[in-house]
Every structure is written in C-alpha cells, then in structure tokens.
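What follows is a single structure, written as structure tokens, with notes after it.
What you are looking at is a predicted structure, and each value in this text was computed from that prediction instead of being measured.
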Amino acid sequence: MKERTDAEVLAGLIERSRLLIALSEEIPVETKLQTQPLLKQLEELLADDPPDAQRVRGTHALLVRELAEFADLDALLSAMEHFLP
C-alpha cells in the first residue's frame, strides 16, 4: 500500500469536512456560509509552495473556533492539526 503524503491526507480531511458541513442539519446556515470559504482558503494556502505556516494555522484556528461544538467536525479538525505545516 502506498503511503499518503501529508498534503494528500489534509486534502481528504478538508473534503470530508466540507461534505459534513454541507450535509449536516445540526449546523446553522450562517455557520455553513462562514466555514465553507475558510475551508477553501485553507486548501489554497496549503497549495502554496511553501505554505505560509502562520496563515495556515490561523485559518485552521478560525475553523476550530467556529466548529468545535460539532463533535464530528471537531474530530476532523483535530486530525488535521497533526498534518499542518
């Protein structure tokens, strides 16, 4: 089995987060509208070569603050932290 890179793992976690946010009935629409662009921004920041670690971690912190009350998303965001630059 091929070992996945940190970037590949992060891309998968971001995509899962995006889908969970979109499909969740627990998350208020306002929160969905605030967090989807943050996920896109995180994706774009991670694509930079090299990524700006401070901006990546700042965007991640905003996502954590907005989504911490939702256990599934909190778990995904916690997992992301281990792979961030």
Rounded to the nearest 0.5 Å, what's the gap from [atom1] on [X] to [atom2] on [Y]? Could you check?
X	Y	atom1	atom2	value
Ser17	Leu76	OG	CG	4.0 Å
Leu19	Ser24	CG	OG	12.0 Å
Leu20	Arg18	CG	CZ	12.5 Å
Phe83	Arg4	CZ	CZ	8.0 Å
Gln34	Glu30	CD	CD	5.0 Å

Without swapping roles, check the side chain of [X] against the backbone of [Y] for a donor-acceptor pair under 3.5 Å.
X	Y	value
Asp48	Pro50	no
Glu43	Ala11	no
Thr31	Ile27	no

What heavy-atom pair brings Ile21 and Lys32 nearest, and what distance separates the two atoms? O-CE, 3.0 Å

Using residues 56-74 as the side-chain source, report each donor-acceptor pair under 3.5 Å to any protein atom, sequence neighbours left out, with the distance given to one decimal.
{"residue": "Arg57", "atom": "NE", "partner": "Pro85", "partner atom": "O", "Å": "3.1"}
{"residue": "Arg57", "atom": "NH2", "partner": "Leu84", "partner atom": "O", "Å": "3.4"}
{"residue": "Arg57", "atom": "NH2", "partner": "Pro85", "partner atom": "O", "Å": "3.4"}
{"residue": "Thr59", "atom": "OG1", "partner": "Gln41", "partner atom": "NE2", "Å": "3.4"}
{"residue": "Thr59", "atom": "OG1", "partner": "Arg55", "partner atom": "O", "Å": "3.0"}
{"residue": "His60", "atom": "NE2", "partner": "Leu77", "partner atom": "O", "Å": "2.9"}

Indicate yes or no: at least one non-hydrogen side-chain atom of Leu42 is less than 4.5 angstrom from one of Met80.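 Yes, their side chains come closer than 4.5 Å.
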
